[in-house]
Amino acid sequence: MKRTEKVKKRTIIMILLVGLPSLLAAVMAGFLFIPLLKLGMHLDFSQAYRKVEEIEQLRFWDSRSEKVYIRYPFGLRPIEKREEIPAQKQLKNSWLETDVYDVTASGDLAAWYDRKENKIFLGSVDGEVWESYETAYEGKRLAFSPDGRYLLVYEIEYGVYGGYSTDEEYCYYRVIDLESGAWYTVYSGYREWFWVYWEEE
């Protein structure tokens, strides 16, 4: 009887000594694996993108792989390979300030991002301002939806260490509903750099 109890105690101790570190290693590996998996597979389980009616026309283009992606419930899914993307209508920006980073137009409607003010301005192609939107991070690209109802804003959150920007870059692809003023984050991820555009139907 005593011998059996000793064997049980030794077994429990062995399980704890071997099993606990293995369990901790598995948990740590999971914490490392999930971000790597997300990065490699372009995963994003948020569902706010569903509120954008023209989301099926939004395209994410990776210039390195030349793959074009669309948004679906689990993130981005590749649909084709393309060497180039459609040209975006650019304005002659002689009336714009030098801190303007990106300018886009849709008919008589124009949008531009001002780095100094950290705002997106919406107005006429002649430079008259009708509306402005503050951005959370630095704006990199703007793109109107085909009917001009939505404006896609690509922002990057830079890491800062000791007052200097680092390579820690988190990317956000947000859509502004220009009718309601509502913002929707349609995709985001660590170092998820894409050129974005809306496919004409």
Side-chain angles (χ1 to χ4, degrees), residues 33-93 100-113 115 120-122 125 133 135-159 167-180 182-201:
F33 178 71
I34 289 170
L36 290 173
L37 181 68
K38 186 180 184 318
L39 183 63
M41 297 183 66
H42 310 300
L43 299 177
D44 181 349
F45 299 104
S46 62
Q47 299 297 302
Y49 77 93
R50 293 177 181 270
K51 296 179 182 175
V52 179
E53 290 179 18
E54 296 178 36
I55 194 68
E56 69 277 354
Q57 291 174 258
L58 188 59
R59 301 292 185 263
F60 299 80
W61 184 64
D62 181 356
S63 61
R64 291 166 296 175
S65 67
E66 297 180 350
K67 287 183 182 177
V68 178
Y69 295 84
I70 59 170
R71 187 65 165 95
Y72 83 123
F74 306 114
L76 299 183
R77 177 171 60 87
I79 57 167
E80 66 176 313
K81 285 196 79 153
R82 181 180 285 184
E83 291 182 12
E84 295 180 353
I85 59 172
Q88 179 182 343
K89 183 180 175 185
Q90 292 291 330
L91 293 175
K92 292 179 181 176
N93 58 356
V100 168
Y101 186 83
D102 192 29
V103 183
T104 188
S106 174
D108 294 331
L109 192 62
W112 58 96
Y113 170 71
R115 181 181 296 174
I120 295 162
F121 291 96
L122 188 68
V125 292
Y133 305 92
T135 57
Y137 308 106
E138 186 171 321
K140 289 295 180 186
R141 183 159 170 76
L142 306 172
F144 280 109
S145 63
D147 68 356
R149 176 180 172 182
Y150 298 103
L151 178 66
L152 182 124
V153 181
Y154 166 36
E155 296 175 79
I156 293 184
E157 177 186 10
Y158 291 100
D167 290 336
E168 299 295 316
E169 299 172 5
Y170 206 84
C171 304
Y172 298 90
Y173 298 85
R174 306 184 204 274
V175 168
I176 306 172
D177 184 334
L178 299 176
E179 291 179 2
S180 68
W183 287 67
Y184 304 107
T185 301
V186 295
Y187 183 71
S188 65
Y190 175 67
R191 304 190 114 190
E192 293 279 327
W193 303 303
F194 294 97
W195 282 95
V196 282
Y197 64 97
W198 300 80
E199 188 73 76
E200 300 278 350
E201 282 191 328

Between Trp112 and Phe121, how do the two ring planes meet: parallel, tilted or perpendicular, split at 30° and 60°?
parallel

Using only atom types and a distance under 3.5 Å, with no angle test, would you say the side chain of [X] pairs donor to acceptor with the backbone of [Y]?
{"X": "Trp198", "Y": "Ala143", "result": "yes"}
{"X": "Gln57", "Y": "Glu199", "result": "yes"}
{"X": "Glu200", "Y": "Pro146", "result": "no"}

Sub-6.0 Å ring centroid separation between Tyr172 and Tyr154:
no

Point to revise | Proximity of Phe74 and His42 rings by center, below 6.0 Å | key: no

TODO: Could you please spell out the steps behind the side-chain contact (heavy atoms from CB on, under 4.5 Å) verdict for Leu152 and Arg174?
DONE: CA-CA 6 Å; Leu152 182 124; Arg174 306 184 204 274; over 6 Å; no

Applying side chain to side chain contact (heavy atoms under 4.5 Å, CB included) to Trp195 and not counting sequence neighbours gives Trp61, Ile85, Arg141

Taken in chain and number order and not counting sequence neighbours, the residues that satisfy side chain to side chain contact (heavy atoms under 4.5 Å, CB included) with Glu84 are none

Assess whether salt bridge (Lys or Arg N to Asp or Glu O under 4.0 Å) is satisfied between Arg149 and Glu54, documenting all intermediate values. CA-CA 9 Å; Arg149 176 180 172 182; Glu54 296 178 36; over 6 Å; no

In short, salt bridge (Lys or Arg N to Asp or Glu O under 4.0 Å) pairs touching residues 63-79 with sequence neighbours left out are Asp44-Arg71, Asp62-Arg64

| message | Between Tyr150 and Asp177, does the side-chain contact (heavy atoms from CB on, under 4.5 Å) criterion hold? Intermediate values first, please. | response | CA-CA 5 Å; Tyr150 298 103; Asp177 184 334; 3.9 Å; yes

CD1 (Ile156) and OG1 (Thr135) are apart, to the nearest 0.5 Å, by 12.0 Å

Rounded to the nearest 0.5 angstrom, the OH-OH distance for Tyr173 and Tyr187 is 8.0 Å

Side-chain touch Tyr49/Pro73, heavy atoms, less than 4.5 angstrom
yes

Is the number of heavy atoms from other residues, nucleotides or ligands under 6.0 Å of Lys81 NZ greater than 12?
yes

Q. Are side-chain N/O atoms of Glu138 and Tyr158 paired as donor and acceptor at under 3.5 Å?
A. no

- Task: Would you please test Val175 and Leu151 for side-chain contact (heavy atoms from CB on, under 4.5 Å) and show each step?
- Result: CA-CA 6 Å; Val175 168; Leu151 178 66; over 6 Å; no

